[in-house]
Amino acid sequence: MPDLLGNANSEGLRNKAAGHHIYAGRGDKTAMSIISMQNVSKFFGDFQALKDVSLNVAQGERVVVCGPSGSGKSTLIRCINRLEVHDAGEIIVDGTVLTDKPEDLEKIRGTVGMVFQQFNLFPHLKVIDNLCLGPRRVLGLSEEDARARAMTYLERVQIPDQADKFPRQLSGGQQQRVAIARSLCMEPRILLFDEPTSALDPEMIAEVLEVMTELASSGITMIVVTHEMGFARRVADRMVFMDRGEIVEVGAPEDVFTAPKSKRFGAFIKQILNH
Amino acid sequence: MKRIYAIAALLVLSGCSGNWGWYVVDPTTTGGMNNLKFLASGAYYTILLSVTAILISIVVGLLVALPGLSEKRGWRIFNRTYVELVRAVPILVLILWVYYGLPALSGITLNVFWAGVLALALSDSAFQAEIFRAGIQSIARGQYEAAQSISLNYRDTMRYVILPQAIRRILPALGNQLVYMLKMSSLVSVIGMQELTRKANELVVSEYRPLEIYTILVLEYLVIILVVSAGVRWLERRMKASDT
(Lines give C-alpha, C1' and ligand atoms only; values in the text may rest on other atoms or scores of the structure.)
Protein backbone atom coordinates (compact mmCIF):
# COMPACT_ATOMS: atom_id res chain seq x y z
CA MET A 1 0.00 0.00 0.00
CA PRO A 2 1.46 3.36 -0.95
CA ASP A 3 1.94 5.49 2.12
CA LEU A 4 1.39 8.87 0.53
CA LEU A 5 1.28 10.67 3.81
CA GLY A 6 4.53 9.21 5.03
CA ASN A 7 6.39 9.66 1.78
CA ALA A 8 5.24 13.21 1.35
CA ASN A 9 7.04 14.15 4.53
CA SER A 10 10.43 15.34 3.41
CA GLU A 11 9.07 16.71 0.17
CA GLY A 12 6.47 18.65 2.08
CA LEU A 13 9.03 20.28 4.29
CA ARG A 14 11.12 21.27 1.32
CA ASN A 15 8.12 22.80 -0.38
CA LYS A 16 7.11 24.64 2.69
CA ALA A 17 9.96 27.05 2.39
CA ALA A 18 9.09 27.50 -1.26
CA GLY A 19 5.51 28.20 -0.23
CA HIS A 20 6.47 31.30 1.67
CA HIS A 21 8.46 32.43 -1.26
CA ILE A 22 5.50 31.98 -3.61
CA TYR A 23 3.34 33.91 -1.31
CA ALA A 24 5.73 36.83 -1.32
CA GLY A 25 5.25 37.06 -5.07
CA ARG A 26 1.47 37.18 -4.80
CA GLY A 27 -0.48 35.91 -7.79
CA ASP A 28 2.54 34.02 -9.04
CA LYS A 29 1.14 30.63 -10.00
CA THR A 30 4.07 28.29 -10.05
CA ALA A 31 3.86 24.52 -10.05
CA MET A 32 4.71 24.58 -6.37
CA SER A 33 1.34 25.78 -5.13
CA ILE A 34 -1.07 22.89 -4.82
CA ILE A 35 -4.02 25.22 -4.36
CA SER A 36 -4.37 28.48 -6.19
CA MET A 37 -7.38 30.75 -5.74
CA GLN A 38 -7.46 33.93 -7.81
CA ASN A 39 -10.04 36.67 -7.32
CA VAL A 40 -12.68 34.23 -6.13
CA SER A 41 -16.16 35.54 -5.35
CA LYS A 42 -19.16 33.68 -4.05
CA PHE A 43 -22.71 34.90 -3.61
CA PHE A 44 -25.58 33.43 -1.62
CA GLY A 45 -28.46 35.33 -3.20
CA ASP A 46 -27.64 38.98 -2.59
CA PHE A 47 -25.12 38.22 0.15
CA GLN A 48 -21.52 38.13 -0.98
CA ALA A 49 -19.77 35.49 1.10
CA LEU A 50 -16.40 35.80 -0.65
CA LYS A 51 -15.15 39.08 -2.09
CA ASP A 52 -12.42 38.76 -4.65
CA VAL A 53 -10.32 36.41 -2.53
CA SER A 54 -6.88 35.23 -3.64
CA LEU A 55 -4.83 32.62 -1.84
CA ASN A 56 -2.06 30.26 -2.81
CA VAL A 57 -1.19 27.24 -0.74
CA ALA A 58 2.05 25.36 -1.21
CA GLN A 59 2.28 21.61 -1.11
CA GLY A 60 2.75 20.42 2.45
CA GLU A 61 1.80 23.77 3.87
CA ARG A 62 -0.38 24.05 6.96
CA VAL A 63 -2.71 27.00 6.82
CA VAL A 64 -5.05 28.01 9.62
CA VAL A 65 -7.99 30.18 8.66
CA CYS A 66 -9.67 32.18 11.39
CA GLY A 67 -12.12 35.02 11.68
CA PRO A 68 -15.48 35.90 13.17
CA SER A 69 -18.53 33.82 12.27
CA GLY A 70 -20.00 34.70 8.92
CA SER A 71 -16.64 35.92 7.64
CA GLY A 72 -16.53 33.37 4.81
CA LYS A 73 -13.97 30.93 6.26
CA SER A 74 -16.09 27.85 5.70
CA THR A 75 -17.21 29.04 2.29
CA LEU A 76 -13.56 29.54 1.33
CA ILE A 77 -12.54 25.96 2.04
CA ARG A 78 -15.81 24.51 0.75
CA CYS A 79 -15.01 26.13 -2.60
CA ILE A 80 -11.75 24.19 -2.72
CA ASN A 81 -13.49 20.81 -3.01
CA ARG A 82 -16.44 22.38 -4.78
CA LEU A 83 -19.06 21.72 -2.12
CA GLU A 84 -19.76 25.35 -2.96
CA VAL A 85 -19.51 26.53 -6.54
CA HIS A 86 -17.71 29.86 -6.83
CA ASP A 87 -19.33 32.53 -8.98
CA ALA A 88 -16.23 34.38 -10.18
CA GLY A 89 -12.49 33.93 -10.25
CA GLU A 90 -10.40 30.84 -10.72
CA ILE A 91 -9.49 27.94 -8.46
CA ILE A 92 -6.81 25.45 -9.42
CA VAL A 93 -6.31 22.42 -7.23
CA ASP A 94 -3.33 20.18 -7.93
CA GLY A 95 -3.22 21.35 -11.53
CA THR A 96 -6.93 20.94 -12.18
CA VAL A 97 -9.08 23.99 -12.84
CA LEU A 98 -12.36 23.68 -10.95
CA THR A 99 -15.26 23.47 -13.39
CA ASP A 100 -18.50 21.54 -13.57
CA LYS A 101 -16.90 18.80 -15.65
CA PRO A 102 -17.65 15.56 -13.77
CA GLU A 103 -14.23 14.05 -14.47
CA ASP A 104 -12.50 17.13 -13.02
CA LEU A 105 -14.77 17.04 -10.01
CA GLU A 106 -13.93 13.39 -9.45
CA LYS A 107 -10.21 14.14 -9.70
CA ILE A 108 -10.42 16.98 -7.19
CA ARG A 109 -12.56 15.11 -4.71
CA GLY A 110 -10.06 12.28 -4.89
CA THR A 111 -7.24 14.71 -4.07
CA VAL A 112 -9.00 16.73 -1.39
CA GLY A 113 -10.40 15.25 1.81
CA MET A 114 -12.68 17.08 4.19
CA VAL A 115 -13.46 16.88 7.89
CA PHE A 116 -16.71 18.52 8.97
CA GLN A 117 -17.81 20.30 12.09
CA GLN A 118 -20.65 17.82 12.60
CA PHE A 119 -18.50 14.78 11.67
CA ASN A 120 -21.11 13.64 9.12
CA LEU A 121 -20.39 9.98 9.65
CA PHE A 122 -22.80 7.57 7.98
CA PRO A 123 -24.93 6.54 10.98
CA HIS A 124 -26.22 3.29 9.46
CA LEU A 125 -22.72 1.94 8.82
CA LYS A 126 -20.24 0.57 11.30
CA VAL A 127 -17.03 2.52 11.78
CA ILE A 128 -15.10 0.08 9.60
CA ASP A 129 -17.73 0.34 6.83
CA ASN A 130 -17.68 4.13 7.02
CA LEU A 131 -13.98 3.90 6.29
CA CYS A 132 -14.16 1.21 3.62
CA LEU A 133 -16.94 2.74 1.50
CA GLY A 134 -14.75 5.19 -0.40
CA PRO A 135 -11.78 2.88 -0.96
CA ARG A 136 -14.12 0.09 -2.14
CA ARG A 137 -16.43 2.08 -4.40
CA VAL A 138 -14.20 4.91 -5.59
CA LEU A 139 -10.69 3.50 -5.52
CA GLY A 140 -11.81 -0.03 -6.37
CA LEU A 141 -9.89 -1.74 -3.59
CA SER A 142 -10.72 -5.32 -2.68
CA GLU A 143 -12.59 -5.77 0.58
CA GLU A 144 -9.48 -7.20 2.20
CA ASP A 145 -7.26 -4.30 1.12
CA ALA A 146 -9.87 -1.73 2.09
CA ARG A 147 -10.20 -3.23 5.57
CA ALA A 148 -6.45 -3.36 6.00
CA ARG A 149 -6.19 0.27 4.99
CA ALA A 150 -9.07 1.24 7.27
CA MET A 151 -7.43 -0.47 10.22
CA THR A 152 -4.14 1.30 9.49
CA TYR A 153 -5.82 4.68 9.72
CA LEU A 154 -7.95 3.73 12.71
CA GLU A 155 -4.71 2.91 14.48
CA ARG A 156 -3.32 6.22 13.34
CA VAL A 157 -6.21 8.04 15.05
CA GLN A 158 -5.86 5.65 17.98
CA ILE A 159 -9.23 3.90 17.96
CA PRO A 160 -8.72 0.54 16.23
CA ASP A 161 -10.82 -1.11 18.95
CA GLN A 162 -13.94 0.80 17.85
CA ALA A 163 -14.00 -0.64 14.31
CA ASP A 164 -17.15 -2.70 14.75
CA LYS A 165 -19.22 -0.10 16.56
CA PHE A 166 -21.78 2.23 15.08
CA PRO A 167 -21.01 5.96 15.14
CA ARG A 168 -23.69 6.74 17.73
CA GLN A 169 -21.98 4.42 20.20
CA LEU A 170 -18.88 6.62 20.16
CA SER A 171 -18.11 9.89 21.91
CA GLY A 172 -17.92 13.09 19.88
CA GLY A 173 -14.14 13.09 19.94
CA GLN A 174 -14.02 9.48 18.78
CA GLN A 175 -16.53 10.22 16.02
CA GLN A 176 -14.43 13.09 14.75
CA ARG A 177 -11.35 10.90 14.77
CA VAL A 178 -13.26 8.31 12.74
CA ALA A 179 -14.19 11.09 10.32
CA ILE A 180 -10.52 12.04 10.00
CA ALA A 181 -9.63 8.40 9.39
CA ARG A 182 -12.37 8.17 6.78
CA SER A 183 -10.81 11.06 4.89
CA LEU A 184 -7.33 9.58 5.23
CA CYS A 185 -8.51 6.28 3.76
CA MET A 186 -8.84 8.06 0.42
CA GLU A 187 -5.18 9.07 0.80
CA PRO A 188 -5.77 12.67 -0.20
CA ARG A 189 -2.97 15.16 -0.80
CA ILE A 190 -4.96 17.96 0.79
CA LEU A 191 -7.08 17.83 3.93
CA LEU A 192 -9.63 20.51 4.70
CA PHE A 193 -10.92 20.90 8.26
CA ASP A 194 -14.11 22.90 8.75
CA GLU A 195 -14.18 23.82 12.46
CA PRO A 196 -13.39 20.24 13.46
CA THR A 197 -13.57 20.85 17.21
CA SER A 198 -16.44 23.35 17.40
CA ALA A 199 -19.11 20.72 18.03
CA LEU A 200 -17.09 18.93 20.71
CA ASP A 201 -17.24 19.07 24.47
CA PRO A 202 -14.11 20.75 25.89
CA GLU A 203 -12.61 17.54 27.24
CA MET A 204 -12.69 15.98 23.77
CA ILE A 205 -11.09 18.82 21.87
CA ALA A 206 -7.59 17.85 22.96
CA GLU A 207 -7.74 14.31 21.57
CA VAL A 208 -8.83 15.57 18.14
CA LEU A 209 -6.21 18.33 18.07
CA GLU A 210 -3.59 15.77 19.03
CA VAL A 211 -4.47 13.65 16.01
CA MET A 212 -4.43 16.74 13.79
CA THR A 213 -1.05 17.80 15.11
CA GLU A 214 0.35 14.36 14.41
CA LEU A 215 -1.09 14.57 10.86
CA ALA A 216 0.47 17.98 10.35
CA SER A 217 3.89 16.52 10.98
CA SER A 218 3.34 14.00 8.18
CA GLY A 219 3.62 16.55 5.41
CA ILE A 220 0.06 16.49 4.10
CA THR A 221 -1.28 19.86 2.96
CA MET A 222 -3.78 21.09 5.55
CA ILE A 223 -6.18 23.99 5.61
CA VAL A 224 -7.87 24.27 8.97
CA VAL A 225 -10.71 26.59 9.86
CA THR A 226 -10.60 26.83 13.63
CA HIS A 227 -10.73 29.07 16.67
CA GLU A 228 -8.13 26.96 18.46
CA MET A 229 -5.36 29.52 18.60
CA GLY A 230 -3.03 27.28 20.60
CA PHE A 231 -3.21 24.72 17.80
CA ALA A 232 -2.68 27.46 15.21
CA ARG A 233 0.41 28.74 16.99
CA ARG A 234 1.87 25.22 17.28
CA VAL A 235 1.06 23.89 13.85
CA ALA A 236 0.37 26.61 11.29
CA ASP A 237 2.91 27.73 8.75
CA ARG A 238 0.62 30.57 7.91
CA MET A 239 -2.42 32.23 9.45
CA VAL A 240 -5.17 33.66 7.31
CA PHE A 241 -7.56 36.10 8.94
CA MET A 242 -10.88 36.67 7.23
CA ASP A 243 -13.57 39.21 7.90
CA ARG A 244 -16.73 40.02 5.93
CA GLY A 245 -15.77 37.82 3.01
CA GLU A 246 -12.26 39.19 2.61
CA ILE A 247 -8.80 38.00 3.52
CA VAL A 248 -7.69 40.80 5.80
CA GLU A 249 -4.33 39.55 6.92
CA VAL A 250 -1.92 36.72 6.22
CA GLY A 251 1.25 35.94 8.03
CA ALA A 252 3.33 33.53 10.07
CA PRO A 253 1.66 32.82 13.44
CA GLU A 254 4.57 34.15 15.48
CA ASP A 255 4.27 37.48 13.65
CA VAL A 256 0.52 37.92 13.58
CA PHE A 257 -0.01 36.91 17.19
CA THR A 258 2.56 39.32 18.56
CA ALA A 259 2.06 42.15 16.10
CA PRO A 260 -1.09 41.95 13.99
CA LYS A 261 -0.97 44.50 11.18
CA SER A 262 -4.67 45.16 10.87
CA LYS A 263 -6.88 46.54 13.61
CA ARG A 264 -9.59 43.99 12.96
CA PHE A 265 -7.25 41.04 13.39
CA GLY A 266 -5.81 42.60 16.54
CA ALA A 267 -9.27 42.99 18.02
CA PHE A 268 -10.23 39.46 17.01
CA ILE A 269 -7.14 37.89 18.57
CA LYS A 270 -7.64 39.82 21.77
CA GLN A 271 -11.23 38.64 21.96
CA ILE A 272 -10.34 35.00 21.32
CA LEU A 273 -7.43 34.88 23.73
CA ASN A 274 -9.30 36.64 26.52
CA HIS A 275 -12.54 34.71 26.37
CA MET B 1 -56.92 -7.05 21.92
CA LYS B 2 -59.71 -7.03 24.53
CA ARG B 3 -61.93 -5.17 22.13
CA ILE B 4 -61.38 -7.77 19.42
CA TYR B 5 -62.41 -10.55 21.82
CA ALA B 6 -65.50 -8.55 22.71
CA ILE B 7 -66.50 -8.17 19.07
CA ALA B 8 -65.87 -11.85 18.41
CA ALA B 9 -67.94 -12.79 21.46
CA LEU B 10 -70.72 -10.50 20.30
CA LEU B 11 -70.73 -12.12 16.87
CA VAL B 12 -70.85 -15.61 18.33
CA LEU B 13 -73.61 -14.69 20.74
CA SER B 14 -75.67 -12.97 18.10
CA GLY B 15 -75.10 -16.03 15.96
CA CYS B 16 -77.37 -17.86 18.36
CA SER B 17 -80.27 -15.62 17.44
CA GLY B 18 -82.46 -16.27 14.46
CA ASN B 19 -80.80 -13.76 12.10
CA TRP B 20 -77.60 -15.73 11.71
CA GLY B 21 -77.08 -18.98 9.87
CA TRP B 22 -73.57 -20.00 10.70
CA TYR B 23 -74.16 -23.45 9.19
CA VAL B 24 -72.84 -22.18 5.81
CA VAL B 25 -69.38 -21.89 7.30
CA ASP B 26 -69.61 -24.48 10.06
CA PRO B 27 -66.33 -26.39 9.98
CA THR B 28 -67.95 -29.43 11.66
CA THR B 29 -70.09 -30.12 8.60
CA THR B 30 -68.71 -31.16 5.23
CA GLY B 31 -70.57 -28.41 3.38
CA GLY B 32 -69.48 -25.73 5.82
CA MET B 33 -65.89 -26.88 5.71
CA ASN B 34 -65.88 -26.86 1.91
CA ASN B 35 -67.30 -23.36 1.92
CA LEU B 36 -64.63 -22.19 4.34
CA LYS B 37 -61.92 -23.73 2.18
CA PHE B 38 -63.44 -22.06 -0.85
CA LEU B 39 -63.41 -18.68 0.88
CA ALA B 40 -59.86 -19.07 2.17
CA SER B 41 -58.57 -20.14 -1.23
CA GLY B 42 -58.81 -16.54 -2.37
CA ALA B 43 -56.10 -15.52 0.08
CA TYR B 44 -53.41 -16.80 -2.25
CA TYR B 45 -54.29 -14.33 -4.99
CA THR B 46 -55.02 -11.46 -2.60
CA ILE B 47 -51.55 -11.78 -1.14
CA LEU B 48 -49.76 -12.54 -4.39
CA LEU B 49 -51.47 -9.63 -6.14
CA SER B 50 -50.76 -7.15 -3.34
CA VAL B 51 -47.16 -8.16 -2.79
CA THR B 52 -46.32 -8.17 -6.51
CA ALA B 53 -48.01 -4.81 -6.96
CA ILE B 54 -46.26 -3.20 -4.01
CA LEU B 55 -42.84 -4.44 -5.10
CA ILE B 56 -43.37 -2.91 -8.53
CA SER B 57 -44.78 0.29 -7.08
CA ILE B 58 -41.77 0.70 -4.76
CA VAL B 59 -39.40 0.49 -7.72
CA VAL B 60 -41.52 2.78 -9.90
CA GLY B 61 -42.12 5.12 -6.97
CA LEU B 62 -38.39 5.48 -6.35
CA LEU B 63 -37.74 6.08 -10.04
CA VAL B 64 -40.40 8.79 -10.02
CA ALA B 65 -39.20 10.29 -6.71
CA LEU B 66 -35.58 10.82 -7.78
CA PRO B 67 -36.33 13.29 -10.61
CA GLY B 68 -38.52 15.14 -8.11
CA LEU B 69 -35.36 15.89 -6.12
CA SER B 70 -33.41 17.09 -9.15
CA GLU B 71 -32.11 20.61 -9.44
CA LYS B 72 -33.32 20.63 -13.03
CA ARG B 73 -36.80 22.03 -13.40
CA GLY B 74 -37.76 19.69 -16.24
CA TRP B 75 -37.23 16.62 -14.08
CA ARG B 76 -39.23 18.10 -11.24
CA ILE B 77 -42.11 18.89 -13.61
CA PHE B 78 -42.07 15.26 -14.77
CA ASN B 79 -42.30 14.14 -11.14
CA ARG B 80 -45.15 16.52 -10.28
CA THR B 81 -47.11 15.66 -13.42
CA TYR B 82 -46.84 11.93 -12.83
CA VAL B 83 -47.81 12.17 -9.17
CA GLU B 84 -50.73 14.54 -9.71
CA LEU B 85 -52.14 12.65 -12.70
CA VAL B 86 -51.87 9.15 -11.28
CA ARG B 87 -53.07 10.19 -7.84
CA ALA B 88 -56.19 11.77 -9.33
CA VAL B 89 -57.53 8.52 -10.81
CA PRO B 90 -59.65 6.33 -8.51
CA ILE B 91 -58.21 2.83 -8.23
CA LEU B 92 -61.40 1.17 -9.41
CA VAL B 93 -61.44 3.38 -12.50
CA LEU B 94 -57.79 2.58 -13.14
CA ILE B 95 -58.49 -1.17 -12.89
CA LEU B 96 -61.33 -0.91 -15.40
CA TRP B 97 -59.27 1.27 -17.71
CA VAL B 98 -56.26 -1.03 -17.68
CA TYR B 99 -58.36 -4.18 -18.18
CA TYR B 100 -60.90 -2.95 -20.74
CA GLY B 101 -59.31 0.21 -22.12
CA LEU B 102 -55.64 -0.62 -22.54
CA PRO B 103 -56.16 -3.55 -24.96
CA ALA B 104 -58.25 -1.32 -27.22
CA LEU B 105 -55.60 1.37 -27.10
CA SER B 106 -52.42 -0.66 -27.43
CA GLY B 107 -53.47 -4.09 -28.62
CA ILE B 108 -51.83 -5.59 -25.53
CA THR B 109 -54.25 -7.80 -23.63
CA LEU B 110 -53.32 -8.46 -20.05
CA ASN B 111 -54.81 -11.33 -18.11
CA VAL B 112 -56.84 -10.48 -15.03
CA PHE B 113 -53.93 -10.94 -12.65
CA TRP B 114 -51.46 -8.71 -14.48
CA ALA B 115 -54.11 -6.10 -15.23
CA GLY B 116 -54.81 -6.00 -11.50
CA VAL B 117 -51.13 -5.83 -10.62
CA LEU B 118 -50.53 -3.07 -13.14
CA ALA B 119 -53.46 -0.96 -11.98
CA LEU B 120 -52.66 -1.33 -8.29
CA ALA B 121 -48.93 -0.73 -8.81
CA LEU B 122 -49.54 2.30 -10.98
CA SER B 123 -51.93 3.82 -8.52
CA ASP B 124 -49.69 3.14 -5.55
CA SER B 125 -46.51 4.32 -7.27
CA ALA B 126 -47.64 7.94 -7.03
CA PHE B 127 -47.95 7.59 -3.27
CA GLN B 128 -44.68 5.70 -3.02
CA ALA B 129 -42.99 8.49 -4.96
CA GLU B 130 -44.20 11.03 -2.42
CA ILE B 131 -43.11 8.84 0.48
CA PHE B 132 -39.64 8.34 -0.98
CA ARG B 133 -39.28 12.02 -1.79
CA ALA B 134 -40.13 13.01 1.78
CA GLY B 135 -37.85 10.30 3.18
CA ILE B 136 -34.88 11.27 1.03
CA GLN B 137 -35.41 14.97 1.74
CA SER B 138 -35.32 14.24 5.47
CA ILE B 139 -31.68 13.10 5.24
CA ALA B 140 -29.34 15.87 6.36
CA ARG B 141 -27.29 17.72 3.76
CA GLY B 142 -24.11 16.78 5.62
CA GLN B 143 -24.59 13.18 4.52
CA TYR B 144 -24.45 14.19 0.86
CA GLU B 145 -21.46 16.40 1.52
CA ALA B 146 -19.61 13.64 3.33
CA ALA B 147 -20.33 11.31 0.43
CA GLN B 148 -19.13 13.93 -2.05
CA SER B 149 -16.01 14.56 -0.02
CA ILE B 150 -14.97 10.94 -0.47
CA SER B 151 -15.74 11.25 -4.17
CA LEU B 152 -18.74 8.91 -4.27
CA ASN B 153 -20.80 9.38 -7.42
CA TYR B 154 -24.56 10.02 -7.41
CA ARG B 155 -25.51 6.38 -7.78
CA ASP B 156 -23.28 5.15 -4.98
CA THR B 157 -24.29 8.05 -2.75
CA MET B 158 -27.93 7.08 -3.13
CA ARG B 159 -27.32 3.36 -2.89
CA TYR B 160 -24.94 3.23 0.05
CA VAL B 161 -25.57 6.43 1.99
CA ILE B 162 -28.94 8.06 1.41
CA LEU B 163 -31.42 5.29 0.58
CA PRO B 164 -30.46 2.92 3.43
CA GLN B 165 -31.16 5.74 5.87
CA ALA B 166 -34.26 6.98 4.06
CA ILE B 167 -35.79 3.50 3.88
CA ARG B 168 -35.45 3.04 7.64
CA ARG B 169 -37.33 6.27 8.14
CA ILE B 170 -40.12 5.50 5.69
CA LEU B 171 -40.60 1.88 6.73
CA PRO B 172 -43.76 2.64 8.74
CA ALA B 173 -45.20 4.48 5.74
CA LEU B 174 -44.31 1.57 3.45
CA GLY B 175 -46.07 -0.76 5.88
CA ASN B 176 -49.16 1.42 5.68
CA GLN B 177 -49.08 1.24 1.91
CA LEU B 178 -48.91 -2.56 2.01
CA VAL B 179 -51.96 -2.68 4.27
CA TYR B 180 -53.73 -0.24 1.96
CA MET B 181 -52.79 -2.37 -1.04
CA LEU B 182 -54.14 -5.55 0.57
CA LYS B 183 -57.47 -3.83 1.05
CA MET B 184 -57.56 -2.22 -2.38
CA SER B 185 -56.84 -5.58 -4.02
CA SER B 186 -60.48 -6.43 -3.24
CA LEU B 187 -61.45 -4.06 -6.06
CA VAL B 188 -59.77 -6.30 -8.60
CA SER B 189 -62.68 -8.71 -8.00
CA VAL B 190 -64.73 -6.59 -10.40
CA ILE B 191 -62.72 -7.85 -13.38
CA GLY B 192 -63.01 -11.43 -12.14
CA MET B 193 -59.83 -11.94 -10.16
CA GLN B 194 -60.34 -14.98 -7.95
CA GLU B 195 -59.19 -13.34 -4.75
CA LEU B 196 -60.89 -13.21 -1.34
CA THR B 197 -63.69 -10.80 -2.19
CA ARG B 198 -64.55 -12.48 -5.48
CA LYS B 199 -64.73 -15.87 -3.76
CA ALA B 200 -67.03 -14.44 -1.11
CA ASN B 201 -69.28 -12.87 -3.76
CA GLU B 202 -69.53 -16.15 -5.63
CA LEU B 203 -70.40 -18.05 -2.47
CA VAL B 204 -73.04 -15.48 -1.54
CA VAL B 205 -74.69 -15.98 -4.93
CA SER B 206 -74.95 -19.72 -4.40
CA GLU B 207 -75.66 -19.82 -0.66
CA TYR B 208 -77.71 -16.65 -0.08
CA ARG B 209 -76.03 -16.02 3.28
CA PRO B 210 -74.31 -12.63 2.77
CA LEU B 211 -74.19 -11.78 6.49
CA GLU B 212 -72.13 -14.80 7.53
CA ILE B 213 -70.01 -15.00 4.40
CA TYR B 214 -69.09 -11.33 4.38
CA THR B 215 -68.37 -11.52 8.11
CA ILE B 216 -65.90 -14.28 7.38
CA LEU B 217 -64.48 -12.09 4.59
CA VAL B 218 -63.98 -9.24 7.07
CA LEU B 219 -62.18 -11.60 9.43
CA GLU B 220 -59.98 -12.89 6.62
CA TYR B 221 -58.73 -9.40 5.79
CA LEU B 222 -58.36 -8.64 9.48
CA VAL B 223 -56.13 -11.66 10.06
CA ILE B 224 -53.94 -10.99 7.02
CA ILE B 225 -53.51 -7.31 7.88
CA LEU B 226 -52.77 -7.92 11.55
CA VAL B 227 -50.08 -10.39 10.54
CA VAL B 228 -48.62 -7.88 8.07
CA SER B 229 -48.66 -5.07 10.65
CA ALA B 230 -46.89 -7.27 13.17
CA GLY B 231 -44.33 -8.18 10.51
CA VAL B 232 -43.64 -4.54 9.67
CA ARG B 233 -43.27 -3.67 13.35
CA TRP B 234 -40.86 -6.56 13.80
CA LEU B 235 -38.82 -5.33 10.84
CA GLU B 236 -38.73 -1.80 12.25
CA ARG B 237 -37.52 -3.06 15.61
CA ARG B 238 -34.91 -5.23 13.97
CA MET B 239 -33.57 -2.36 11.87
CA LYS B 240 -33.46 -0.09 14.88
CA ALA B 241 -31.70 -2.75 16.95
CA SER B 242 -29.13 -3.33 14.25
CA ASP B 243 -27.65 0.14 14.61
CA THR B 244 -27.72 0.83 18.29
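Values in this document were obtained by computation on a predicted structure and should not be read as measured data.
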Atom group of A/Val115 that falls short of 4.5 Å from chain B, counting heavy atoms = neither
key: Top contributor to chain B contacts, counting heavy-atom pairs under 4.5 Å, from A/Leu125, A/Leu105, A/Leu133, A/Asp129   = A/Leu133
Residue selection (most heavy-atom pairs with chain B, distance under 4.5 Å) from A/Met114, A/Glu106, A/Arg78 = A/Arg78
inquiry  = I need the contact set between residues 123-157 of chain B and chain A: heavy-atom distance under 4.5 Å, sorted by residue number.
reply    = B/Arg141, B/Gly142, B/Gln143, B/Glu145, B/Ala146, B/Ala147, B/Gln148, B/Ser149, B/Ile150, B/Ser151, B/Leu152, B/Asp156
query = Taking atom CD of A/Glu144 as the centre, does the number of heavy atoms from other residues, nucleotides or ligands within less than 6.0 Å exceed 12?
reply = no
ask   = Does OH in B/Tyr45 sit with more than 12 non-hydrogen atoms of other residues, nucleotides or ligands closer than 6.0 Å?
value = no
A/Phe44 atom CZ, over 12 foreign heavy atoms within 6.0 Å = yes
query = Using non-hydrogen atoms only, which part of A/Phe116 is less than 4.5 Å away from chain B: side chain, backbone, both, or neither?
reply = side chain
ask   = Measuring from B/Tyr160:OH to A/His124:NE2, what's the distance to the nearest 0.5 Å?
value = 10.5 Å
task = Mind ranking A/Leu139, A/Leu121, A/Leu192 by heavy-atom pairs under 4.5 Å with chain B and telling me who comes out on top?
result = A/Leu121
